[in-house]
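Have a look at the structure below before the remarks.
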Amino acid sequence: MCKKSHAIHPILSLLYSLLLFVAGLLFVKEIWFWLYLITFLILFLLFRFEKIIIKTIPFILIFGLIMAGLTIINGNKSDVLYAFYRVLALGLAAILSISVKPINLVRAFNQLNIPRWISLGLLIVIRFIQIFREEMRQIRQAITLRGIRFIETPILWGRAFFIPLIIRVLSISEGLAISLETRGFSTEVDGSSFEIICFKRRDLVFSCIFIACLTFYIYLFFRRF
Amino acid sequence: MKKIEFKAFTIKDIVFLAVITAVTLLASGPIAPLVMTVTKLGAQAFAMALPFALFTSIGLRKVEKSGSLTVIGIFSGLVLLLMAPVMFFNQLIASFLSEAVALILFKSYENKKAVLFSAGLFSFFTIPTTAVVNILVKGRTIIEQIGNPLTFILFILGAIALGFIGALIGNKISDELQKAGKL
């Protein structure tokens with residue numbers, strides 16, 4: 001059954017994100033770069049990406065200012081501005097790719113007959129980044145409680161950090177592998193999806209507007225040659 | 001003459017490689033955003049060399065099958081695809097090249113030197129891919145990307161050195177875990 005959602009098809013999102021990123025970097029030095037940004041921001045707002053935009057803005061601004069700040073060291077005014085613009089281009093492309101739910105991406109991969117181990121691995125990586133962030137925090141906390149400081153004894157700190165971390169990696173991965181095997185997961189058998197990711201009318205409308213806007217800016221870019 | 005053997009990956013191998021990729025990305029997370037848009041060629045490879053080499057070498061010691069590093073490259077590339085799409089190609093090509101060099105030289109990961117080479121040179125091999133991407137996407141010539149030749153040489157040597165140091169530390173940790181019967 002097709003899942004009803006406002007999200008754009010995961011594969012399309014990734015593809016358009018890649019296009020936006022490449023185009024954004026190409027257009028960084030154009031005077032109409034701001035117009036390019038605003039056009040796609042409006043398009044995203046029309047297709048209800050407002051929550052992701054709001055979440056991304058602070059990160060992009062802080063990151064952009066850091067990058068611009070770092071460029072001041074050995075760059076001129078325009079280099080600083082272009083560094084900031086590059087981060088904006090990256091942020092614009094990221095809005096689409098961040099909107100992709102990992103599980104939907106995996107389902108779309110399955111439908112495209114992409115090997116099971118790739119989609120499974122991707123899902124594990126995304127899921128375990130959050131889990132290990134917490135694990136690392138706990139290990140660091142334990143190190144602090146034992147009075148080990150990186151500045152005073154870096155080798156001891158390294159041992160106290162890496163050995164427990166790798167032990168956790170081993171135990172978690174073994175537990176997960178057993179759990180997956182008992183649920184019938186295998187690298188040799190094709191997977192099936194409970195939900196089907198369909199290409200909807202919404203995707204078609206988005207694609208048409210997106211391609212039209214991008215074609216217009218590509219035309220503007222190449223007109224000067 | 002010994003040939004390079006390709007064995008099928010089990011679910012256990014895939015899970016371990018995926019989990020080690022998650023830890024690698026997490027460990028390089030604080031540095032990555034700072035160097036992601038730096039325009040000097042080699043700066044990213046230099047910054048990422050240590051964490052990537054350290055964790056991937058542990059991954060390769062546990063899953064001693066040809067293709068393990070490429071699998072790590074695919075997983076990390078797919079996650080980075082969601083943040084910076086170009087990074088996917090960067091990771092994939094670098095992992096493949098570095099693994100190919102190590103396996104051509106040493107045939108199998110049972111030889112610790114193969115792990116050292118493969119993990120140690122991973123970051124270094126991202127440099128050519130970054131250069132090609134910068135030429136194609138940003139239209140920047142190789143001279144522009146290199147800037148000061150001395151800085152560029154230092155970045156390359158630093159990426160190789162940090163890569164090997166990271167792989168050495170990873171191998172040492174793996175030795176200890178192997179002695180303890182955990183790996």
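Side chains included, hydrogens not; waters and symmetry mates left out as well; all remaining heavy atoms used. Per chain, numbering begins at 1; letters A, B, ... match sequence-line order. What you are looking at is a predicted structure, and each value in this text was computed from that prediction instead of being measured.
Contact of A/E135 with chain B is not made at all, since no heavy-atom distance falls under 4.5 Å. Contacts between A/L165 and chain B at a heavy-atom distance below 4.5 Å involve the side chain alone, from C-beta outward. If you measure heavy-atom distances from A/I167 to chain B, the contacts under 4.5 Å come from the side chain alone. Both the backbone and the side chain of B/F16 come within less than 4.5 Å of a heavy atom of chain A. Neither the backbone nor the side chain of B/K172 comes within less than 4.5 Å of any heavy atom in chain A. For B/I74, the part sitting under 4.5 Å from any heavy atom of chain A is the side chain, from C-beta outward, and nothing else. Both the backbone and the side chain of B/I11 come within less than 4.5 Å of a heavy atom in chain A. Contact of B/L17 with chain A is not made at all, since no heavy-atom distance falls under 4.5 Å. With a 4.5 angstrom heavy-atom cutoff, B/T10 touches chain A only via backbone atoms. At a 4.5 Å heavy-atom cutoff, A/I131 makes no contact with chain B through either its backbone or its side chain. Only the side chain of A/R159 comes within contact range of chain B, judged by heavy atoms closer than 4.5 Å. Interface remark: A/L180 contributes side-chain atoms only to the contact with chain B (heavy atom separation under 4.5 Å). Proximity to chain B (any heavy atom under 4.5 Å) is restricted, for A/L105, to the side chain, taken from C-beta onward.
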* Could you go step by step and tell me if A/W34 and A/Y85 meet the side-chain hydrogen bond (donor to acceptor under 3.5 Å, both in side chains) rule? -> CA-CA 9 Å; A/W34 278 103; A/Y85 281 1; 2.6 Å; yes
* Would you check, one step at a time, whether the test side-chain hydrogen bond (donor to acceptor under 3.5 Å, both in side chains) holds for B/T130 with B/N90? => CA-CA 7 Å; B/T130 311; B/N90 210 335; 3.2 Å; yes
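Contact count versus chain B (heavy atoms, under 4.5 Å) is highest, among A/I166, A/L176, A/V28, for A/I166. When the candidates B/L177, B/L54, B/V23 are compared by the number of heavy-atom contacts under 4.5 Å with chain A, B/V23 comes out ahead. Among A/I178, A/L122, A/I98, the residue with the largest count of heavy-atom pairs under 4.5 Å with chain B is A/L122. Ranked by non-hydrogen atom pairs under 4.5 Å with chain B, the options A/I172, A/I118, A/I126 are led by A/I118. Put simply, of A/A94, A/G121, A/G158, A/S13, the one with the most heavy-atom pairs under 4.5 Å next to chain B is A/G121. Considering only heavy-atom pairs separated by less than 4.5 Å from chain B, the leading option among A/F132, A/Y82, A/F128 is A/F132.
When only modelled atom types and interatomic distance are considered, A/S97 and A/Y16 share no side-chain donor-acceptor pair under 3.5 Å. For A/R107 and A/N104, the side-chain atoms include at least one donor-acceptor pair closer than 3.5 Å.
No salt bridge links B/E176 with B/K179; every basic N to acidic carboxylate O contact stays at or beyond 4.0 Å. Taking a cutoff of 4.0 Å between a charged side-chain nitrogen and a carboxylate oxygen, B/K112 and B/D175 qualify as a salt bridge.
The distance between the ring centers of A/Y217 and A/F221 does not fall below 6.0 angstrom. A/F161 and A/F150 have their aromatic ring centers separated by at least 6.0 angstrom. For A/F40 and A/F210, the gap between ring centers is short of 6.0 Å.
Taking every heavy atom of both residues into account, B/A114 and B/S108 meet most closely at CB-O, 3.3 Å.
When atom types are taken as modelled, the side chain of B/E99 and the backbone of B/S66 share no donor-acceptor pair closer than 3.5 angstrom. For the pair A/S179 (side chain) and A/G175 (backbone), a donor-acceptor distance under 3.5 Å is absent.
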